[in-house]
Amino acid sequence: MKATGLAPRTGGQVLVDALRIHGVDTAYCVPGESFLAVLDALHEVKDALRLVVCRQEGGAAHMAEAHGKLTGSPGICFATRGPGATNASIAVHTARQDSTPLILFIGQVGRDCMEREAWQEIDYRHMYGHIAKWVVQIEDPARIPEMISRAFHVAMSGRPGPVVIALPEDMLTEQVSVADAPAYRVTRAAPDPAAMAELRERLQSAQRPVMVLGGGGWRTEGSEAIGRFAQSFGVPVIAAFRRQDLLDNRHPCYSGEAGLGMNPRIAERIRTADLVVAVGARLGETSTNGYALLDVPRPAQTLVHVHADPNELGRVYHADVPVTADVNTFALAAAGMAPPEGLSAGRSAWLEQARKDYEDSLAPEPMPGDVNLGEVVRHMDRILGPETIVSNGAGNYTLWVQRFHTYTGIRTQLAPTSGTMGYGVPAAIAAKLVYPDRPVVCFAGDGCFLMNGQELATAMQYGLDPLFIVVNNGMYGSIRMHQEKHYPGRVHGTELHNPDFVALAQAYGLHAELVERTEDFPAALERARGAGRAALLELRVPQDALSPKLTVSALRRQAGL
């Protein structure tokens with residue numbers, strides 16, 4: 001609201017003051033002339049609000065998205081209009097599918113030029129309308145406090161997600177006297193006591209229950225509470241795709257991941273369960289094996305579906321017990337329920353076998369070539385410790401990481417459920433900015449790395465020391481796998497001719513080495529850890545190794561080639 005007696009401020013100053021009120025201490029950007037007034041206002045508070053300048057808007061926006069994942073508060077990104085906004089759009093899609101709070105601010109043409117297709121003009125309501133939770137263009141600087149407050153509330157409410165705000169250039173320079181809005185407050189839905197009582201009854205009578213954890217908005221107390229609940233009721237816990245850090249993988253109930261390259265035993269466990277308790281998970285395509293593990297719309301298994309967004313309940317699956325609740329509030333309530341007096345022998349055996357299957361899956365298997373990725377990941381686990389944060393993008397190389405790495409608790413995994421390539425590098429940089437004292441490792445395929453590899457410059461500019469591990473097989477591996485499966489003998493468009501990754505990293509100022517044998521990795525890892533700066537290790541693997549279970553040569557033999 002407009003107010004008299006207050007000192008006039010530019011729209012840019014009002015915006016930056018609002019960010020500080022809402023607790024923002026870091027923002028990511030690629031600078032643009034369309035929001036110079038914001039940059040000027042940020043200059044005035046540079047000791048309180050850190051501005052991280054990146055090399056491409058896709059990298060900047062993914063850093064902000066990873067920041068939102070790690071902190072549980074909206075990540076903040078500024079991008080300029082047109083090309084900057086389209087570059088940043090990839091992270092808006094990631095934030096939507098990953099349920100991550102994110103606020104993307106986009107500079108816009110002046111109000112006097114709108115609707116003329118002025119230079120780099122885009123209607124962002126149309127561009128982002130389907131993938132963001134809310135898109136708005138602020139026309140009046142006096143409404144900035146109102147709009148920013150609403151943006152934080154929308155990004156954090158229910159199922160967290162992205163908000164996009166367009167900022168006309170002349171609106172940011174206009175002066176206005178306006179009162180600030182107070183800091184946002186998050187409201188959390190609590191589960192219906194009747195639903196909790198029904199859940200307890202169904203758990204007591206079930207013989208083959210499983211719990212699937214997923215979604216966004218989890219906090220440490222929720223993760224710990226869901227572990228107590230699972231243990232007291234003797235329920236195997238399966239992580240949805242790339243949500244493996246929602247429960248410490250060392251927990252006796254943790255039983256693996258329902259994701260790409262799913263262990264057949266996990267798929268069978270879900271398929272033959274008599275009760276599925278899905279907490280936070282949307283039960284999307286990947287975690288249900290293409291919607292094959294649970295029948296649509298009515299699963300054969302009894303389904304208890306817990307989700308913060310009531311619109312998600314019944315969207316695909318008809319649940320026997322739908323529960324609208326914040327995942328942490330639900331977890332605390334579930335942990336407080338009186339456990340059963342005892343588990344049947346069959347129930348105990350069901351849990352024990354689920355855990356054994358997971359532990360057995362951690363043993364690396366032979367693979368073609370001189371570098372065994374499973375052994376590399378297991379060694380890294382032993383050396384770097386439980387505080388390590390691991391990031392990755394997309395590609396078949398991730399199957400080794402997600403199978404053989406032990407995630408030790410919430411916010412140790414940064415991996416996009418949207419399957420975004422190029423995510424790992426910027427995510428690792430954001431992790432080091434949020435947690436500078438924790439080890440951070442990025443795994444990236446050769447194709448994945450080069451999609452945002454320019455952000456190595458950002459890591460060096462800010463004195464950060466993540467470790468980047470580039471798995472180089474000279475191809476887009478996951479697409480090659482599908483070609484070999486579905487179009488045998490017709491490989492086309494998936495070959496990559498790469499730069500010298502070691503020389504490239506050294507040019508940026510990193511410590512870098514090439515590793516061509518498994519036995520050379522431990523010493524290379526130690527040298528990278530002791531370098532005192534960011535480091536890159538390139539691992540050369542053959543094209544024959546498609547996944548921990550699949551090779552090109554085996555597929556060609558099956559095809560008679």
Side-chain angles (χ1 to χ4, degrees), residues 1-29 32 34-51 61 64 67-68 71-81 85 88 92 95 101-112 114 124-125 128-129 132-158 160-188:
M1 58 182 291
K2 294 183 179 180
T4 59
L6 296 175
R9 294 174 289 172
T10 66
Q13 290 171 324
V14 176
L15 171 58
V16 170
D17 287 345
L19 293 180
R20 293 188 64 196
I21 289 168
H22 292 298
V24 175
D25 61 10
T26 304
Y28 302 84
C29 85
S34 58
F35 61 95
L36 282 172
V38 174
L39 292 174
D40 184 68
L42 287 167
H43 179 271
E44 294 301 310
V45 297
K46 59 184 177 182
D47 293 332
L49 200 166
R50 172 176 54 184
L51 183 65
H67 190 107
T71 64
S73 299
I76 303 297
C77 182
F78 285 91
T80 196
R81 60 196 176 216
V92 177
L102 171 73
I103 301 177
L104 172 63
F105 293 97
I106 302 171
Q108 174 63 297
V109 302
R111 291 167 292 184
D112 58 335
M114 285 179 186
Y124 298 109
R125 291 187 183 91
Y128 285 105
K133 286 187 74 176
W134 182 47
V135 187
V136 67
Q137 182 164 291
I138 304 179
E139 306 280 355
D140 181 355
R143 297 192 66 186
I144 289 175
E146 169 201 345
M147 296 297 190
I148 301 303
S149 174
R150 180 177 173 186
F152 276 86
H153 282 93
V154 170
M156 290 294 293
S157 65
V163 169
V164 177
I165 301 179
L167 306 169
E169 186 175 0
D170 60 329
M171 184 276 296
L172 293 173
T173 60
E174 184 177 328
Q175 292 205 337
V176 64
S177 297
V178 62
D180 292 311
Y184 74 97
R185 296 184 63 179
V186 179
T187 59
R188 307 192 191 280

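The figures here come from the full heavy-atom set of this structure, side chains too, leaving out hydrogens, waters and symmetry mates.
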How long is the straight-line distance from CG of Asp40 back to CD of Gln13, given to the nearest 0.5 Å? 7.0 Å
Does the side chain of Cys29 reach to within under 4.5 Å of the side chain of Leu51, using non-hydrogen atoms? yes
Does Ser177 reach the main-chain N or O of Leu6 with its side chain, forming a donor-acceptor pair under 3.5 Å? yes
At their closest point, which heavy atom of Ala88 faces which heavy atom of Ala79, and how far apart are they? CB-CB, 4.3 Å
I'd like to check Met171 versus Glu174 (side-chain heavy atoms, cut-off strictly below 4.5 Å). Are they in contact? no
Checking Tyr28 now: which residues fulfil ring pair (Phe, Tyr, Trp, His ring centres under 6.0 Å) with it, not counting sequence neighbours? His67
Check Val163 against Ala155 and note the closest heavy-atom contact, atom names and distance. CG2-N, 3.9 Å
Within the supplied structure, the quantity of interest is the number of heavy atoms (other residues, nucleotides, ligands) at a distance under 6.0 Å from Arg125 CZ; does it exceed 12? yes
For Val178, is there any backbone N or O sitting under 3.5 Å from a side-chain donor or acceptor partner on Arg9? yes
In this structure, CD of Glu139 is separated from CG of Leu167 (nearest 0.5 Å) by 10.5 Å
What's the shortest heavy-atom distance between Ala142 and Val176, and which atoms? CB-CG2, 3.7 Å
For Phe152 and Leu19, what are the C-alpha separation, side-chain angles and deciding distance, and is it a side-chain contact (heavy atoms from CB on, under 4.5 Å)? CA-CA 10 Å; Phe152 276 86; Leu19 293 180; 4.1 Å; yes
Any donor-acceptor pair under 3.5 Å from Ser157 side chain to Val154 backbone: yes
Side-chain contact test, heavy atoms from C-beta onward, threshold under 4.5 Å: evaluate it for Leu15 versus Phe78 and give yes or no. yes
Should the pair His153 and Tyr184 be assigned to parallel (<30°), tilted (30 to 60°) or perpendicular (>60°) ring geometry? perpendicular
Under a 4.5 Å cut-off applied to non-hydrogen side-chain atoms, are Leu104 and Tyr124 in contact? no
Heavy-atom closest pair, residues Arg20 and Ala48: NH2-CB, 3.7 Å
Can you tell me how far NZ of Lys46 sits from CG of Leu39, rounded to the nearest 0.5 angstrom? 12.5 Å
Close side-chain approach of Ile165 and Ile148, heavy atoms under 4.5 Å: yes
Rounded to the nearest 0.5 Å, what separates atom CD in Gln108 from atom CG in Leu172? 10.5 Å
Ile138 and Phe105, any side-chain heavy atoms less than 4.5 Å apart: no
Taking all non-hydrogen atoms of both residues into account, name the closest pair between Ser34 and Thr80 and its distance. OG-OG1, 2.7 Å
Can you tell me how far CE of Met147 sits from CG of Asp140, rounded to the nearest 0.5 angstrom? 9.0 Å
Spacing of Thr10 atom OG1 and Asp17 atom CG [to the nearest 0.5 Å]: 9.0 Å
For the residue pair Gly107 and Arg81, what are the closest heavy atoms and their distance? O-CB, 2.9 Å
Picking from Pro160, Pro101, Pro162, what satisfies side chain to side chain contact (heavy atoms under 4.5 Å, CB included) with Pro74? Pro101
